[in-house]
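Here is the naming used below: chain letters follow the sequence lines, and residue numbers restart at 1 for every chain. Predicted model, so just to flag it, every value in this text is computed and none were measured.
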Protein chains: 2
Amino acid sequence: MPDPSLGVLLFLPYRHLEQRVLDAVVGAGYPITLAQARVFQRVDPGGSRLTDLAAAAQVTKQTAGFLVDQLVEGGYVERVRDTTDARARLVRITRRGHDAIDVARAVQDEIEGEWRDHLGAEAFERLRADLLRLREITDPWA
Amino acid sequence: MPDPSLGVLLFLPYRHLEQRVLDAVVGAGYPITLAQARVFQRVDPGGSRLTDLAAAAQVTKQTAGFLVDQLVEGGYVERVRDTTDARARLVRITRRGHDAIDVARAVQDEIEGEWRDHLGAEAFERLRADLLRLREITDPWA
DNA sequence: ACACTTTAGTCAGATTATCTGACCATTTCG
DNA sequence: CGAAATGGTCAGATAATCTGACTAAAGTGT
């Protein structure tokens, strides 16, 4: 396959990372699906509203609600009252959720280390910086 | 959101690109779903076996077969005999499929142009080169 | 203060994508 | 040749996602 598109080039390492992190988290005793993890990843440390989660994960609020229900079931998050708005509730990360995040972060650091070794520290930091700049024009939330 | 992970940083532009390309292709009169497109994207110009498509797209061959059926239905690909192996068939891109690809490629070029403008030509080429190197250790097919 | 509009979230039902397991036909290899 | 591997399909189950309709609370303008 000659000259893969930038889209594919972005996707390949993304999927590699995602899959390895997911495998590690599940393997460490935190069963979770990919779809659940994609929402979980977006939960703000201070708690998130369902609507915001849905927007960030680019799914409907129904889908987000469905997945949050499962995350609650798994013990990773809890729903608490939003004292500032009686319609809303906040999705908040539990202790167990934080434990799972710790596992994820460790694997992520490990993988980033591999990438740094392969590219060289300079190129690695450059890559990160370039991606951050790209985010400015590709992330509606940035 | 401070300091997003590299995973997220890779994902954001990827999704942006994918969504815009998909919207354009569908808008140009080539209805296709995301899942179908992800398989379609992997069809080799010379034709691909289902098993290879499945591996490249990281789905089971049943799923790949299901999606290829729909691509055939949409007129984007056809299944032809593989003269070298009577068990196999080749998935081959049709004329209509190539037309759809032309639309996709045009949008993709447009987006890459935007990125190049934003990052500067030098950084853009660097990014592409770094991602190519990253592919060496993240793509089982490279 | 009251009607109107917007926002947060849920309920119900349908569709799409995906998997596992079992199976058949053909090819490859000892 | 016979056993094992390979390419693919069939059947059935589950996961993820959507659209549409709805309730309740908040915000807005006169």
* Partner residues of A/R89 under the salt bridge (charged side-chain N to carboxylate O under 4.0 Å, His left out) criterion, sequence neighbours left out -> none
* **C/dT10 phosphate, OP1 or OP2, under 4.0 Å from A/R79 side-chain N/O** => yes
* Structure fact -> Those residues at least two apart in sequence (or on a different chain) that pass salt bridge (charged side-chain N to carboxylate O under 4.0 Å, His left out) with B/R92 are B/E78
* Structure fact -> Apart from B/L90 itself, members of its ILVMFWY cluster (side-chain separation under 4.5 Å) are B/V80
* Among all residues two or more places apart in sequence or in another chain, which pass the side chain to side chain donor-acceptor pair (under 3.5 Å) test with B/T94? -> none
* Structure fact -> Whole-Å distance, A/D52 CG to C/dA8 C1', equals 10 Å
* State which residues pass side chain to side chain donor-acceptor pair (under 3.5 Å) with B/Q41; sequence neighbours excluded, sorted by chain then number. => none
* Asked: Within the pair A/R89 and C/dT10, is there a side-chain N or O less than 4.0 Å away from OP1 or OP2?
  -> yes
* Rounded to whole angstroms, how far apart are CG on B/D82 and P on D/dT6? -> 16 Å
Give every pair of a protein N or O atom and an N or O atom of nucleotides 10-16 of chain D that lie under 3.5 Å apart, one pair per line with the distance.
residue: D/dA16; atom: OP1; partner: A/T33; partner atom: OG1; Å: 2.8

* Could you pull out all residues at least two apart from B/D82 that satisfy salt bridge (charged side-chain N to carboxylate O under 4.0 Å, His left out)? => B/R49
* To do: With sequence neighbours excluded, give me every salt bridge (charged side-chain N to carboxylate O under 4.0 Å, His left out) pair touching residues 27-36 of chain A.
  => none
* So, is A/T60 near the phosphate of D/dC18, with a side-chain N or O under 4.0 Å from OP1 or OP2? -> yes
* A/R81 CZ to C/dG9 P, straight-line distance once rounded to whole Å -> 14 Å
* Structure fact -> Those residues at least two apart in sequence (or on a different chain) that pass side chain to side chain donor-acceptor pair (under 3.5 Å) with A/R105 are none
* **Integer-rounded Å distance: D/dT17 C1' and B/Q19 CD** => 14 Å
* **Check: A/L127 and A/W115 side chains under 4.5 Å, non-hydrogen atoms** => no
* If you fit an axis to the five pairs at each end of the helix from C/dA1-D/dT30 to C/dG30-D/dC1, how big is the angle between those two axes, to 10 degrees? -> 40°
* To do: Check every atom of C/dC19, C/dT10, D/dG7 against the side chain of B/T51 and return the nucleotide holding the closest atom.
  => D/dG7
I'd like a table of atom pairs between the protein and nucleotides 27-29 of chain C - only N or O on both sides, under 3.5 Å - with the distance next to each one.
residue: C/dT27; atom: OP1; partner: B/A86; partner atom: N; Å: 2.9

* Structure fact -> Interatomic distance, CG@B/L134 vs CG@A/L10, rounded to 0.5 Å, equals 10.0 Å
* Using the test salt bridge (charged side-chain N to carboxylate O under 4.0 Å, His left out), find all partners of A/D69 that sit at least two apart in sequence or belong to another chain. => A/R79
